[in-house]
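Since the model is a prediction, treat every value here as computed from it, not as a measurement. Remember, it's 1-based here, ligands and their atoms both numbered in the order they're listed.
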Amino acid sequence: MSCQTIVILGMGGTIAGRSASASDNIGYTAAEVGIVELVAAIPALTDNGPVMTEQVAQIDSKDMSFSAWVALAGRVNHFLVQPDVQGIVITHGTDTLEETAYFLHRVCQPSKPVVLTCAMRPATALVPDGPQNLLDALTVARQPDAKGVVTVCAGTIHSALEVQKVHTYQLDAFSSGDAGPLGYVEEGFVRLLRNWPVAQQLPVQAAMKNIANRLASVEWPQVEIIMNYAGVSGAVVEALVAQGVQGLVVAATGNGTLHHALESALLKAQATGIKVVRATRCLNGRVLPKPDDRLPDSNGLSPVKARVELMLHLLA
Ligand code: SIN
């Protein structure tokens with residue numbers, strides 16, 4: 001039994017959802033049950049040491065906002081430096097979980113575990129998945145060597161770098177694509193397949209970490225995601241440029257390919273100083289760079305994570 005504390009931060013989501021009927025797994029309202037009530041329903045959470053809870057936000061994660069991110073990063077950083085805190089668990093909606101995980105990975109760079117967990121069924125469901133997910137997240141946070149930002153859902157641990165929501169309904173809704181999961185939680189034990197996701201010691205990391213100190217006062221840059229598809233034109237890019245957009249991430253086809261009309265609009269935007277990044281709309285693989293690339297690739301990040309990265313770069 002560990003005497004160190006695990007802090008559980010509540011952000012809302014389906015894990016805190018309530019529906020009128022226990023058999024209704026989709027017609028519910030997310031973010032209704034408070035973190036104290038969620039934790040109280042699972043006595044086993046305190047089997048291996050103390051926990052403390054804090055409600056940071058109570059939102060359906062489709063409505064995730066910069067201010068909620070700033071509040072969350074502030075509380076994560078506050079608790080990470082407390083010597084009696086072993087790790088942090090965050091209950092969060094599944095819909096933008098991967099973006100929040102990546103954001104925290106970049107600005108907090110924790111050397112302790114920060115574990116995001118969630119649920120696909122509301123807390124009031126006949127057979128909710130949230131309690132087991134929360135218990136598994138605590139197991140990961142209590143793992144002696146654990147570090148970095150990870151997610152836990154359906155017994156599977158994913159790294160913040162690769163995790164993506166890939167299913168609309170099934171309980172095992174996340175994947176790490178061809179990188180594969182980080183590990184599994186099985187009956188209260190962690191089976192690790194890869195190394196914990198720790199930030200590398202590069203100058204860019206220090207710049208990212210510095211952002212955390214001034215997040216509360218920054219003006220977030222406008223960075224939008226657009227997509228390459230059959231028959232696409234440059235119209236959306238032109239409209240965004242006219243509006244003053246500062247960055248564009250394009251979810252390109254295949255290995256970063258672009259319709260000539262969209263490519264020419266993006267090159268024009270880039271020539272005016274707007275940052276443009278090419279990710280791929282493919283679920284697996286990454287854009288492999290070529291020497292004659294005229295638009296930089298996302299370095300393996302999905303479109304939504306490439307957007308977070310680009311916003312942070314513009315802030316840094
Ligand atoms: C949300 O993302 O907050 C709602 C959906 C979910 O948690 O599954």
Gap between atom CG of Leu315 and atom CD of Gln246 - 0.5 Å precision: 9.0 Å

Is it true that Arg286 and Asp297 have a side-chain N and a carboxylate O under 4.0 angstrom from each other? no

Candidate with minimal heavy-atom separation from atom 8 (O) of ligand 1, of Thr91, Ile59, Thr94: Thr94

Judged by non-hydrogen atoms, does Ala119 sit under 4.0 Å from ligand 1? yes

What residue and atom, counting heavy atoms only, is the protein's closest point to atom 3 (O) of ligand 1, and at what distance? Ser61 N, 2.6 Å

Scan side-chain atoms only and decide if Thr151 and His158 contain a donor-acceptor pair under the 3.5 Å cut-off. no

What part of Ala31, side chain, backbone, both or neither, has a heavy atom within less than 4.0 angstrom of ligand 1? neither

How about Asn213: does its CG atom have over 12 heavy atoms from other parts shown lying under 6.0 Å from it? yes

Electrostatic pair Lys305-Glu98, nearest N-O below 4.0 angstrom: no

Near Thr14 (heavy-atom distance under 4.0 Å), the atoms of ligand 1 are 4 (C), 5 (C), 6 (C), 7 (O), 8 (O)

Within the structure, does Thr96 bring an N/O atom to less than 3.5 angstrom of an N/O atom in ligand 1? no

